[in-house]
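Below is one structure, written out as structure tokens, with a few remarks after it.
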Number of protein chains: 2
Amino acid sequence: MHFSKTTEYAIRVLSYLHRYSSTSHSVNVLHQELNLPYKYLTKMMTELVKKGLVTASRGREGGLSLAKNADEIHLCDILEAIGEPLESERCILGFEKCDASNPCALHDQWAPPKAMIEAMLTNTTLASLLHDKETKL
Amino acid sequence: MHFSKTTEYAIRVLSYLHRYSSTSHSVNVLHQELNLPYKYLTKMMTELVKKGLVTASRGREGGLSLAKNADEIHLCDILEAIGEPLESERCILGFEKCDASNPCALHDQWAPPKAMIEAMLTNTTLASLLHDKETKL
DNA sequence: TTATAATACTACTACAAAGTAGATAAATAC
DNA sequence: GTATTTATCTACTTTGTAGTAGTATTATAA
């Protein structure tokens with residue numbers, strides 16, 4: 001009942017890119033500032049570039065920055081880019097088909113928390129994360 | 001953002017033992033009825049016996065049954081026995097220390113869904129799962 | 001043009017969860 | 001007592017995620 005490490009990393013990196021969006025940042029900087037494994041980060045960022053969430057520029061003064069406005073990037077977009085999509089149709093007990101007409105034993109009990117998680121992931125944007133206070137990334 | 005396979009299996013098996021609690025059931029029966037891998041199930045059930053959720057009796061007419069009343073077994077007890085505890089203190093972004101006074105970027109947004117999940121897992125008992133209708137296990 | 005700072009690629013290792021295989025031990029019906 | 005049915009133990013294989021290593025490629029500042 002938690003995010004994958006990769007998802008944690010992606011959210012933190014993209015939040016950082018948004019918070020300090022006046023310039024681009026190299027993988028090395030992200031590695032040091034966020035204390036994430038360098039090599040793993042390069043792979044992940046390459047993936048986020050391919051998925052269109054991040055733009056990369058090479059050479060001196062190059063680096064990474066958000067490819068869209070922060071209010072256009074929802075948490076669910078990040079999960080999807082990482083390969084951990086919402087799976088809103090996925091059954092909590094692992095059944096192939098599970099809905100109100102043919103529910104698993106946990107279907108009804110799981111519905112409210114599930115709806116709340118999905119609402120949070122679809123409504124929360126990068127921009128909305130940093131409004132009130134300085135938070136750690 | 002999902003349960004481990006082992007947790008899924010455990011919930012299903014314990015629900016089955018409750019629903020058909022008039023008798024005990026061998027691992028082989030559970031394997032066939034619930035379509036779960038036999039050998040994996042034997043390991044898991046041994047663990048649930050050790051943790052005190054299930055009683056096992058050997059020999060002919062032996063098998064497995066619930067060790068407590070179904071209204072005394074909460075979902076969180078199952079998760080804990082399986083080794084996937086609630087981790088209510090665990091930060092959604094993986095930080096060691098994360099609370100209201102020193103929050104991560106997602107702390108506030110995650111709080112409501114988190115509370116709902118925990119309430120569901122602590123309030124739901126095996127007995128409460130099967131009240132209204134026949135559900136699949 | 002060239003040194004360099006950066007991304008991008010390919011292949012490997014480490015570890016835990018999931019699943020498999022075979023042998024052993026206990027209880028009971030007969 | 002014995003055969004059978006059952007749980008239990010030890011060890012192995014598989015698979016996916018996380019993380020590491022080295023190199024190639026690209027862009028740009030000087």
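Quick note: numbers below take in every heavy atom, side chains included, and nothing from hydrogens, waters or symmetry partners. This one's a predicted model, so the numbers in the text were calculated from it and none came from an experiment.
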Practice item. Would you kindly give the CG-to-C1' distance between A/Leu30 and C/dA5, to the nearest whole Å? Key: 15 Å

Point to revise | Between D/dA7 (P) and B/Glu61 (CD): distance, integer Å | key: 12 Å

Practice item. For each nucleotide in nucleotides 13-22 of chain C, reading 5' to 3', give B when a protein heavy atom comes within less than 4.0 Å of its base, S when such contact involves only the sugar-phosphate, and - otherwise. Key: -----BBBBB

Check your understanding: How close or far is atom P of C/dA8 from atom CG of A/Leu48, stated in whole angstroms?
Key -> 11 Å

**Study point:** Distance, rounded to the nearest Å, where A/His2 contributes NE2 and D/dA18 contributes C1'
**Key:** 12 Å

Review point. Closer to the 5' end of DNA chain D via nearest nucleotide, is it B/Gly59 or A/Ser57?
Key: B/Gly59

**Study point:** Single hit among B/Asp108, B/Leu106, B/Asn102 for side-chain contact (heavy atoms from CB on, under 4.5 Å) with B/Cys104
**Key:** B/Leu106

Practice item. Without swapping roles, check the side chain of A/His25 against the backbone of A/Tyr20 for a donor-acceptor pair under 3.5 Å. Key: yes

**Study point:** Side chain of A/Ser26 (C-beta onward), nearest among C/dA6, D/dT6, C/dA8
**Key:** C/dA6

Practice item. Using the side chain to side chain contact (heavy atoms under 4.5 Å, CB included) rule, take B/Asn28 and B/His31 through it: C-alpha gap first, then chi angles, then the decisive distance, then the call. Key: CA-CA 5 Å; B/Asn28 192 42; B/His31 153 63; 3.7 Å; yes

Practice item. Kindly say whether B/Ser4 contributes a backbone atom to a donor-acceptor pair with the side chain of B/Glu84 at under 3.5 angstrom? Key: yes

Point to revise | B/Asn123 side chain to B/Ala119 backbone, donor-acceptor under 3.5 Å | key: yes

**Study point:** Rounded distance (Å) that lies between atom C1' of D/dG19 and atom CD of A/Glu8
**Key:** 15 Å

Practice item. Could you say whether A/Thr46 or A/Arg60 is positioned toward the 5' end of DNA chain C, judged by the nucleotide with the nearest heavy atom to each? Key: A/Arg60

Practice item. Whole angstrom is fine here: how far is it from CE in A/Met44 over to P in C/dC9? Key: 16 Å

Review point. Of the candidate nucleotides C/dT28, D/dT8, C/dC9, which contains the atom at the shortest distance from the side chain of A/Lys50?
Key: C/dC9

Review point. For the pair made of CZ in B/Arg58 and P in C/dT24, what is the distance, rounded to whole Å?
Key: 14 Å

Review point. Between B/Ser128 and B/Thr124, is there a donor-acceptor pair closer than 3.5 Å when you use the side chain of the first and the backbone of the second?
Key: no

Review point. Which pairs with one or both residues in residues 46-55 of chain A pass salt bridge (Lys or Arg N to Asp or Glu O under 4.0 Å), sequence neighbours excluded?
Key: A/Glu47-A/Lys51

